[in-house]
Each structure stands twice: as structure tokens, then as C-alpha cells.
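Just so it is clear, the values below take in all heavy atoms, side chains as well, and ignore hydrogens, waters and symmetry mates. Per chain, numbering begins at 1; letters A, B, ... match sequence-line order.
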Amino acid sequence: MLIIKNASKIFSKGTVNEHTALRELNLLVEEGEFVTIVGSNGAGKSTLFNAVCGTFLLDAGSICLDDRNITFMAEHKRARHIGRLYQDTMKGTAPNLTIEENLALAYSRSKRGPFRIAVSKKERQLYRDALAAYEMGLEDRLETKVGLLSGGQRQIVALLMATLVPPKLLLLDEHTAALDPAAAEKVMKITKDIVRHNHLTTLMITHNLKSALTTGNRTIMMDGGSIIFDISEEERKNMTIEDLMHMYSQKRHVELDNDRMLFS
Amino acid sequence: MQLYITALQEGFLYGIMALGIFISLRILNIPDLTTEGSFGFGLSIAAVLAAKGFVITSILLAVIAGAAAGFTTGFLQTKLSIHPVLAGIITMSGLYSINLLCLGAANMSLNDNTLFRVMKEAFFPNSSGMDSKIFYAVISGFICLLIMVILIWFFRTHFGMCIRATGDNEQMVRSSSINVNITKTAGLCIANALVALSGACIAHAQNYADIHSSNGTLVVGLASVIIGEALLGKRSIVIGILSAVTGSIAYRFIVAFVLSYNICGANMMKLMCALVVAVTLSIPAVKNQMAVLKLKKEAKKHADH
Ligand SMILES: Nc1ncnc2c1ncn2[C@@H]1O[C@H](COP(=O)(O)OP(=O)(O)OP(=O)(O)O)[C@@H](O)[C@H]1O
Ligand SMILES: [Mg+2]
């Protein structure tokens, strides 16, 4: 369970570039929930993920993961419980390490002595089986450097790395946006399988409104650093993309009108 | 001939330094300027202790001293967020004074209390001249080989892999819940321990330590790594380790070659070496240019038809 309370983050405070990226944001995600997040560019979606992962500390507010307050926990320590994928397929993997070494690195979350050989025979079999399940032919290329793979293949490796030891929270930041339609579909299918199989609590950012409404069981929309809509599974059922766009533009209009009143 | 045997020995011993530079530059992806400081640190500690008769201890302590130098740079970089280049320069210049203090003078003799002499007396007490030169080169090669084997093993272990990954994608290593401050600092410790070991071995090989011997070692080490890569490539860690030592030996042979023809006085030595190294390094680029020219020519030919 993830609980974010009154989270605020202002970048470059006190300068002309001052920018409020998170504005008293509140979010509660139940155990096993799969939430999709939509919102325009610069809405603060990735910033929200960065805050949860500890890339920076919040200016105000708190973050709890499974009853544990992680607001001030070091980034690498929270990483033990959080798996994350990025849009940039290079970000989630080490390009000069082989597939099996990358997986071994991720697997180190549950690891014994530092001076054991990095990839044991038993582990290699584990990785081979895990990769074989995705039918991408990667199981036979365990010793290929990840930098030589295609974006889609790399994202599969990254996905497996993030979920090999099931995390308490999985964060997907437009992780199929850089892939061709076929690869995107495949990666998305595998993602859904993994999430379902492990009952992972998941947040997924996407610009694809259709997939936002059909994936998972809840959709939230962000704008200007806060959540402007929170649509439950029931409400989502009969909703079309047009409805969602309509809701967004109406909200925008109301805000613009408010601003106009303020300044007139 | 004797010149080349000595060059081989120096190639092995400076090769240990090249391995250190390979670790910081290529594996950690950090430009580490601590090198000259830690080389001098290893050199002076080894010289002072060996002169007093502690031959083996002098080398062990030199290695620890180098690791301490690396730790200092790592600490400045990670905990105090000082730019890597500056952190290295700070440690290096601080060490310059420490090395002078340690050595007590600009130079000193080891009074024949050297590792090489001890080994020779243990195995070939009667050898002299050429034979002992060859024996020294073999010992040096053995030390270097031992280090290479240890490194190849180490970088296959889990911790070694974490260090490699840190240079590759730091953010991802952090996301794998590994403390990159630790992996970076450990990498710098190992790198500088090797550089200091190289300095200590050079002091033992020369039976003499001079505070100025560390001048220019960084450039030589970088050149070795890059020459090695030009010769053998950099496909994997094992190849990288091999090529650092190969590069160091190649560099020493170049120096010996320039010296043997005595084309120029000893004063021009550095310039000649710099030229030869520059030429060696430019070979890939020149090859590339030639290929491009050829392609253009072909294309033109086809266009004319
Ligand atoms: N480290 C930072 N320093 C300064 N400003 C930042 C920083 N990180 C994000 N921002 C700003 O915060 C705002 C929100 O950025 P964020 O990356 O969260 O947007 P997003 O919703 O993920 O958009 P997109 O859909 O384009 O990925 C942007 O205006 C961005 O410029
Ligand atoms: Mg984003």
C-alpha cells in the first residue's frame, strides 16, 4: 500500500525559474491495485515517480510504503522495494554488461556474499527459464551485452530486472512509448501478465488514453502537479477517450475562468 | 638486447599502474587524477621501509597507502560531492607534500634491500649481469600476471560486477538497491592501490627512489591504456586488462627503441616518445580517413558512368 500525503516539490525555489512540480498531492494506492496515470507534458507525472523513488526529497509531505515511512529513506534503500521502468530503454539497464549480469545485479536484492561469482549456474538456469517464458529468444543470448539488443528486447530485460524479486511497488513511466506498435503491444502484454501473476501494486504512466482506460483498475489524471481526476474501475467501464478528453478540457476551462476572474 | 629486457621489466611494473588507470578510467568511467600522488606515495613508503630492511612489509604498506589515497579521493567525490577531477587534484597535491615528508629528501637509496635482490638470493644466488636482468623481468612478469588473474576473478564476483555496473549506468545500480558511493570508493581504492604497488615495485627495481619519478606517470598510464586498446581492442574486461599491460609493454619498447638509436640527446627523449605515441594513437583515425576517401572515390566513379 502506498500513501502519499500533501506532497509538494518546488524546483529552483526563489529564482526566476521557480516551478511547482508537485502541489500538495494526495494519493492512496491499495495493495494489488493497478493505477494508470495520464496528464499533459509537464504535469508532474515523472516527478511523482522520482519523489517516490527518492531521486530528491520532498519539500513538504510524506510518503509511506506498506506502513513504513520512506520520506527520508536513501534512494538505494527504498529501491529494495520499488521496481521502476523508464521510457528511455537505456536507462533501466547497464549496456556494457551482459543480459545475465544485468539480471544478477537486480537479483542482488536477495543476495548472499559479495565475493561469490556473480552469475552462478543455478541462477543462470533461473534467468533462462524466466526469459524463455516471453518467447523473445533472449534465453539463448544470456551472454550478449544488453547495449546490443533492440529497444523492445532491452525493455523486456529491464522489466524482468524490476520484477525478478517481486517489488512492493512497480512504477512504469511510459515504458512502451519508445517501441514500435508490435513490440509495445508485446511488452504491455508481458507487463500485465507479470503484474497479475505477482499481484503487484503498480502505477503506470501513459499518453495512450485508450490503454490508460483499459489497463489496470483505476485511472488518475494529473495536471499542474496535482491529481485532478480519480476514476474508479466502475466509472471507467463505460467511459470513452472522448469523455476523458472532455472532462479534461472542462476542468481546464473552469480553471481558466477562475484565473480570469482573479485578474479582472 | 639488455635495453629491451629492462624495457620488458618496466613494462610489466608500469603495467600494474596501467591496470589501475584502466579501472578508474574505463571501468568506473571517472577521470582520476590521484594517480601521480598515489604512485609517489607507494614509491616513497616502499623506499623508506625497504631501506630500513622491511622488504615485504614495505610493499604491503605501499598498497595500503595507495588504497587510502583512493579512499580520500572517493570520499571527496561521493560524500562531499566534489567534482571528480578536482577531488583527484586535491588528493594529488596534498600527497606531494606527504611524499616529500615521507622520503625526507628529494631522493634516497634502498641500500640493496629490494624485493628483486631478495628473490635472486633465494633462487639464483650466483647469477649476474644478463641472467639476473632476465630473472628480474620474469619476477616482474609474475607479479603482473598474478595481479591480472586476481583482477579478472574479482570483476567476475558480485561486488566486482557492481563496480563495473556503476561505471556503466549509475542510476540503474542505485535502483538495484546498491550504494554507489561504496562501489565508486571501493573502485578508486583498488585503482590507487595498484598504482601505489607499481610505484613501490619501481622503487625496488631501481633500488632508488626519486620524488620526481612520479612526474608524468599519469600521461604514461593513459597512453598505455589507449595504446593497448588500439592494439587489442576493448571488447570485454579480460581483453581490457590484457590490453592495459600490453600497452604498457609496447610503450616501454617504444621508449627503448628511441633510446637505442640515440637519435637525439636524453633531453629530447620525452618529445620523441610523445611523437611516437601520438603516431601510434592516430593509426585508427588515419585508417578510417583512408577508408572514407576510398568510398568517395568509388562513389564518384559510379557517378561518372
Ligand atoms: N530536476 C528538475 N529541476 C527543475 N525542474 C524540473 C526537474 N524535474 C522536473 N522539472 C519540471 O517539473 C515539471 C514536471 O516534469 P515531469 O517530468 O514530472 O513531467 P511529466 O508529467 O512526466 O511530463 P511528460 O509527459 O512530458 O513526461 C516540468 O515542468 C519540468 O520542467
Ligand atoms: Mg515524464
Quiz item: Taking the side chain from A/K145 and the backbone from B/S236, do they hold a donor-acceptor pair closer than 3.5 Å?
Solution: no
Quiz item: Nearest 0.5 Å, what's the CD-CZ distance between A/E101 and B/R156?
Solution: 9.0 Å
Quiz item: Taking all atoms of both residues into account, what is the closest heavy-atom pair of B/S177 and A/R80, and its distance?
Solution: CB-N, 3.5 Å
Quiz item: Any chance CG of A/D67 has more than 12 other-residue heavy atoms, nucleotides or ligands included, within less than 6.0 Å?
Solution: no
Quiz item: Would the number of heavy atoms belonging to other residues, nucleotides or ligands and lying under 6.0 Å from CZ of B/F154 be above 12?
Solution: yes
Quiz item: Non-hydrogen atoms of chain A under 4.5 Å away: do they reach the side chain of B/F155, the backbone, both or neither?
Solution: neither
Quiz prompt | Closest approach of A/A79 to B/R174 (non-hydrogen atoms, all atoms of both residues) | solution = CB-O, 3.4 Å
Could you list the donor-acceptor pairs under 3.5 angstrom formed by side chains in residues 47-54 of chain A, with sequence neighbours left out?
from	atom 1	to	atom 2	distance (Å)
A/N50	OD1	A/R84	NH1	2.9
A/N50	OD1	A/R84	NH2	2.8

Exercise. Would you mind reporting whether A/L97 and B/N169 have side-chain heavy atoms less than 4.5 Å apart?
Key: no
Self-check item: B/M161 vs A/L105 side-chain heavy atoms within contact, under 4.5 Å
Solution: yes
Quiz item: Are the side chains of A/Y86 and B/Q171 in touch, meaning some heavy atoms are under 4.5 Å apart?
Solution: yes
Exercise. Enter the distance from A/I117:CD1 to B/T157:OG1 here, rounded to the nearest 0.5 Å.
Key: 6.5 Å
Quiz item: Within a radius of less than 6.0 Å around CZ of B/F142, do more than 12 heavy atoms belonging to other residues, nucleotides or ligands occur?
Solution: no
Quiz item: Just wondering, do B/N181 and A/H76 contact through their side chains at under 4.5 Å, heavy atoms?
Solution: no
Quiz item: Within a radius of less than 6.0 Å around NE2 of A/H207, do more than 12 heavy atoms belonging to other residues, nucleotides or ligands occur?
Solution: yes
Quiz item: Who wins among A/T98, A/N102, A/T93 for the most heavy-atom pairs under 4.5 Å with chain B?
Solution: A/T93
